[in-house]
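Proteins come first, then strands; the chains are lettered A, B, ... in the order of their sequence lines, and each starts at number 1. Only this structure's heavy atoms are used, side chains among them; waters, hydrogens and symmetry mates stay out.
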Protein chains: 4
Amino acid sequence: MIVGKPRFKSREERITEIQRAAKKLFFEKGYQNSTVDEIARLLEIGKGTVYFYFKNKDDLYISLMTPVTEEMGKGLKKFENEIDKGKFENGCDIIKGFFKVFYSLYKYDAEGIKIVQSFQQGDLFPKMSSETFETLNNLARFSYGVMRNIILKAKKMGFIKKTLDEFALADILWATFIGVVQLEESKFRATKKDHLYKTLNYAFALIARATCDDYDNSKIKKYFDLRL
Amino acid sequence: MIVGKPRFKSREERITEIQRAAKKLFFEKGYQNSTVDEIARLLEIGKGTVYFYFKNKDDLYISLMTPVTEEMGKGLKKFENEIDKGKFENGCDIIKGFFKVFYSLYKYDAEGIKIVQSFQQGDLFPKMSSETFETLNNLARFSYGVMRNIILKAKKMGFIKKTLDEFALADILWATFIGVVQLEESKFRATKKDHLYKTLNYAFALIARATCDDYDNSKIKKYFDLRL
Amino acid sequence: MIVGKPRFKSREERITEIQRAAKKLFFEKGYQNSTVDEIARLLEIGKGTVYFYFKNKDDLYISLMTPVTEEMGKGLKKFENEIDKGKFENGCDIIKGFFKVFYSLYKYDAEGIKIVQSFQQGDLFPKMSSETFETLNNLARFSYGVMRNIILKAKKMGFIKKTLDEFALADILWATFIGVVQLEESKFRATKKDHLYKTLNYAFALIARATCDDYDNSKIKKYFDLRL
Amino acid sequence: MIVGKPRFKSREERITEIQRAAKKLFFEKGYQNSTVDEIARLLEIGKGTVYFYFKNKDDLYISLMTPVTEEMGKGLKKFENEIDKGKFENGCDIIKGFFKVFYSLYKYDAEGIKIVQSFQQGDLFPKMSSETFETLNNLARFSYGVMRNIILKAKKMGFIKKTLDEFALADILWATFIGVVQLEESKFRATKKDHLYKTLNYAFALIARATCDDYDNSKIKKYFDLRL
DNA sequence: TATGAATGAGGCTTCATTCAT
DNA sequence: GATGAATGAAGCCTCATTCAT
């Protein structure tokens with residue numbers, strides 16, 4: 001049996017390296033169109049090495065969701081803390097805060113977000129172990145919890161209308177983010193024109209205007225830099 | 001004239017039948033997890049028959065997008081005509097109109113929408129012939145055109161703010177729809193609770209409030225049956 | 001995708017053909033050293049064809065046990081019937097009868113017997129579905145039942161000693177058969193000399209002498225053609 | 001002289017340790033279903049260490065046959081010596097002597113016997129170097145030689161019939177042992193009831209009765225503790 | 001001596017697609 | 001038109017073996 005020279009790297013390096021390559025491929029061609037073989041070839045490592053660090057292809061795939069999911073939790077928590085410290089002055093500011101957290105997330109890991117989306121689309125359910133499913137769901141639930149808390153605080157501080165439903169609003173904020181990302185990426189593939197920032201900003205400006213009690217156009221102008 | 005029962009189903013019938021079965025399976029298990037064999041078995045027809053009517057599996061898959069895409073075009077066109085006939089009285093009404101078109105579309109063909117989404121996510125690009133791609137893109141562009149026209153008309157009629165960007169708004173309407181559908185379906189799989197109508201209605205109510213010059217809460221109440 | 005010409009055979013033919021090839025390979029090289037690929041190549045059929053008729057490699061393997069197991073049941077049942085018809089005249093005759101059933105089984109399907117042996121050795125337990133396991137166990141239990149019945153009848157007819165334990169004797173008859181087959185095959189591989197018939201006959205002659213009340217050397221001579 | 005604890009185990013210790021672990025695994029799950037990794041993990045040593053002491057997996061496997069094969073040779077030789085010293089008084093005693101050697105062998109190393117069996121079944125032939133094959137064959141031939149010698153001596157001493165064929169009888173003794181072990185282990189796996197001793201004893205009692213000139217039931221009773 | 005990360009040949013299995021009937 | 005047996009490329013995964021440390 002012929003075995004090539006092993007070139008050693010630290011566990012962390014390898015894992016990151018493999019995840020990066022996997023993400024690149026998954027992003028370009030979709031999960032099902034990417035093969036483990038290709039990931040290995042891309043890194044010039046053996047196929048077996050991938051399986052040394054990940055139980056199977058799905059495990060690798062799902063591991064890509066964790067960083068972005070955790071990052072979202074962290075970002076939202078930090079956001080909440082800053083609200084507690086009085087760093088936000090009105091509702092527009094709060095909605096802009098959501099925008100910033102989400103857009104940072106996109107900048108941090110666009111591929112990861114795509115994977116979360118495809119996870120949400122349910123294409124992986126049959127293949128996932130129920131533990132993994134639970135882990136991911138817990139992370140997601142945590143983020144939702146923080147989002148709702150933030151909305152409740154904003155209501156209490158009189159920044160947004162007290163009549164708003166924090167469950168619906170949290171859903172809509174996230175859904176809008178995901179929907180716009182998906183749409184703009186699709187358009188980008190066809191036209192090579194990147195309107196993500198602009199459109200996302202516009203969408204959150206609309207939400208700001210709709211949710212803030214005391215809004216006037218000057219605030220929209222200030223926080224979103226546009227006139228509605 | 002008396003005619004005996006036809007031994008074979010008509011071309012149209014067969015095609016519809018196969019598409020229905022395929023859609024069901026694709027919806028339940030995803031494209032890659034459904035096999036042509038399974039589709040045929042579901043219909044109790046031979047596998048070869050599927051290939052008689054569709055060039056290949058991808059062709060079948062892509063064909064499922066057409067009805068929903070066309071239906072959207074038709075729905076929006078009809079909407080536009082009704083505006084021209086003066087059937088809408090204000091901006092809330094218009095946004096509610098969009099909601100109705102989109103929600104009808106969902107009722108008409110939820111699976112089809114999922115397929116459009118996965119198309120937008122780019123999972124099929126490598127497999128699609130450029131002609132098919134063009135056909136679908138044209139249908140999509142048509143719908144976008146109608147949406148923008150409607151927004152322009154609403155602006156002209158003074159129903160919504162003149163400062164609004166019809167390109168951004170059309171994107172956001174569609175993105176919000178897609179994002180909410182995806183999110184709520186994902187939640188439905190986990191919780192079996194269906195909040196789609198409620199959340200979608202809430203989202204469009206927010207957009208209505210944000211976009212209509214003259215809104216007051218009574219109109220939101222009237223058209224969306226809720227208080228913001 | 002390039003697909004070769006299909007050459008059609010009847011379901012039965014194909015199954016038999018595949019089983020024959022598999023048996024040949026398994027016999028020559030053992031289960032684990034035979035590949036599905038090789039079976040297909042041997043028959044000049046596609047690998048997929050094997051999987052069209054057998055759920056998986058184990059299923060194919062296990063299917064090879066059925067004929068020999070059934071044949072044994074049939075052989076023993078026939079033997080029992082003949083005893084009922086008074087066709088056997090003494091204990092030596094009965095033991096010779098067992099010899100004949102077993103040796104015919106070997107002639108009928110030597111490879112199948114080897115597979116039964118390796119099954120008994122437990123190398124397949126982890127891989128077998130519990131239903132298959134049950135099916136095979138039931139067939140085996142049936143044969144054991146018939147063997148014990150025959151022994152009981154022989155006791156009742158005064159052919160063999162009444163003190164004999166039919167459970168132990170049934171076990172020993174089968175164990176001796178299996179043990180001798182295994183040993184002589186092993187020797188055959190090394191020396192190319194086939195002593196199976198001779199040794200098996202000798203072994204059953206010994207058992208005959210040990211179990212029959214009324215034996216004398218002339219009966220051993222008559223039924224086993226040798227002097228002890 | 002005071003000596004510090006050795007940091008590393010001695011060569012002999014390591015080898016024995018690895019063999020013990022390997023035997024345990026091979027016995028439980030079969031050769032092909034056991035991995036080198038698992039053996040190493042069981043011992044909490046590195047996989048490479050196994051390869052330091054054994055050329056490869058097959059080498060390790062085959063090495064497991066040596067102790068039991070040697071032990072058999074020793075046991076039979078000791079048996080022969082005792083016969084020479086006049087410690088056996090009749091044929092039943094001799095056959096019981098064989099039983100004792102074989103059953104001790106089983107107690108000494110049941111797993112080893114299983115491996116010898118699978119070797120006899122030929123599952124390892126393709127993988128074995130011809131030197132190893134020769135070594136093992138020589139050991140086996142030696143044991144057979146001793147067995148035949150014992151039988152010849154027993155004949156000369158008038159303990160067993162002079163007409164008996166020592167070649168056939170040696171084969172049958174070993175084959176019966178192997179066959180019963182295999183059968184009873186198989187039954188044990190299914191029923192958890194251990195009848196090995198009982199059945200083996202019964203089988204050798206039958207052989208005793210068949211081979212000894214002067215037997216009467218009291219001797220069977222004395223040496224095998226049962227009535228035939 | 002001992003380790004364990006790395007390798008890649010090789011096996012099993014799936015399934016889109018074809019084509020003789 | 002309709003069928004389904006046959007195909008084989010292609011993918012996933014295992015694991016014996018190596019070798020730098």
Side-chain angles (χ1 to χ4, degrees), chain A residues 1-11 14 32-38 40-41 44-58, chain B residues 6-11 14 32-41 44-60, chain C residues 1-11 14 32-38 40 44-58, chain D residues 6-11 14 32-41 44-60 127:
Chain A
M1 191 168 293
I2 299 137
V3 177
K5 257 193 239 169
R7 298 158 311 144
F8 291 94
K9 291 208 179 172
S10 86
R11 186 176 173 77
R14 270 282 187 250
Q32 300 274 10
N33 305 315
S34 315
T35 72
V36 175
D37 231 30
E38 212 173 349
R41 217 177 316 125
E44 293 179 300
I45 63 173
K47 214 181 339 185
T49 307
V50 176
Y51 284 91
F52 189 79
Y53 291 103
F54 297 93
K55 212 161 72 277
N56 52 45
K57 196 190 168 192
D58 288 328
Chain B
R7 191 178 310 277
F8 301 107
K9 299 204 178 174
S10 80
R11 184 175 173 75
R14 271 278 189 251
Q32 299 273 6
N33 304 316
S34 314
T35 67
V36 174
D37 212 63
E38 218 172 345
I39 294 166
R41 221 178 315 125
E44 293 177 308
I45 63 173
K47 217 181 333 185
T49 309
V50 174
Y51 281 88
F52 188 79
Y53 291 104
F54 296 94
K55 206 160 80 282
N56 53 41
K57 196 189 168 193
D58 290 327
D59 187 43
L60 166 55
Chain C
M1 192 169 291
I2 297 135
V3 176
K5 259 193 239 170
R7 298 157 313 143
F8 292 94
K9 291 208 178 173
S10 84
R11 185 177 174 76
R14 272 281 187 248
Q32 300 275 9
N33 305 315
S34 316
T35 71
V36 174
D37 231 29
E38 213 173 349
E44 293 179 301
I45 63 173
K47 216 177 339 183
T49 307
V50 176
Y51 283 91
F52 189 78
Y53 291 103
F54 298 93
K55 213 165 66 275
N56 52 42
K57 196 189 168 193
D58 289 328
Chain D
R7 191 178 311 275
F8 301 109
K9 298 203 177 173
S10 81
R11 185 175 172 76
R14 272 278 188 252
Q32 298 274 7
N33 304 315
S34 313
T35 68
V36 175
D37 213 63
E38 217 171 346
I39 294 166
R41 222 178 314 126
E44 292 177 308
I45 63 172
K47 217 184 329 188
T49 309
V50 175
Y51 280 89
F52 189 79
Y53 291 104
F54 297 94
K55 206 161 78 279
N56 53 43
K57 195 189 168 192
D58 290 327
D59 186 45
L60 165 55
K127 311 222 173 187

Answer for the Watson-Crick or wobble partner of F:dC19, both distances under 3.5 Å, is E:dG4
When you measure from the side-chain N and O atoms of D:T35 to the phosphate of F:dC15, is any distance below 4.0 Å, counting only OP1 and OP2? no
Using whole Å, report how far CZ of B:R41 lies from C1' of E:dC15. 12 Å
Describe the nucleic acid contact of A:Y51 in one word from base, sugar-phosphate, nothing, applying a heavy-atom distance below 4.0 Å. base
Please report the distance, rounded to the nearest Å, between NZ in A:K57 and P in F:dA10. 15 Å
CZ (A:F52) and CZ (A:R11) are apart, to the nearest 0.5 Å, by 7.0 Å
Value in whole Å for how far the P atom of E:dA2 lies from CZ of D:R11: 10 Å
Check this for me: does the side-chain of C:K47 come within 3.5 Å of the base of E:dG11 through a donor and an acceptor? no
Where each residue is assigned the nucleotide of DNA chain F containing its nearest heavy atom, which of D:D37 and A:V36 is assigned the position nearer the 5′ end? A:V36
Could you identify the nucleotide paired to F:dA9, looking across every strand shown and requiring Watson-Crick or G-U wobble geometry with both distances under 3.5 Å? E:dT14
Whole-angstrom distance between E:dT1 and F:dT21, as gauged at atom P: 22 Å
Whole angstroms only, please: what is the NZ-C1' distance between D:K55 and F:dT17? 13 Å
Between CD1 on residue A:I45 and OH on residue A:Y53, distance to nearest 0.5 Å: 8.5 Å
What are the two closest heavy atoms between C:N33 and C:E38, and how far apart are they? O-OE1, 4.2 Å
Rounded to whole Å, how long is the line connecting atom CD1 of B:I39 with atom P of E:dC15? 12 Å
Look at the side-chain N and O atoms of C:R14 and state whether any lies under 4.0 Å from the OP1 or OP2 oxygen of F:dA6. yes
Assign each of D:F52 and B:G48 to its nearest nucleotide of DNA chain E by heavy atoms, then name whichever residue's nucleotide is nearer the 5' end. D:F52
B:Y53 OH - F:dT3 P separation (whole Å): 9 Å
Whole Å only: how far is the CG atom of C:D58 from the C1' atom of E:dG11? 13 Å
Closer to the 5' end of DNA chain F via nearest nucleotide, is it C:T49 or D:N56? C:T49
Quick one: NZ on D:K47 to OH on D:Y51, what's the gap to the nearest 0.5 Å? 8.0 Å
Give me the atom names and distance for the closest heavy-atom approach of A:S34 to A:K57. O-NZ, 2.9 Å
Rounded to whole Å, CD of B:E44 lies from P of F:dA2 at a distance of 15 Å
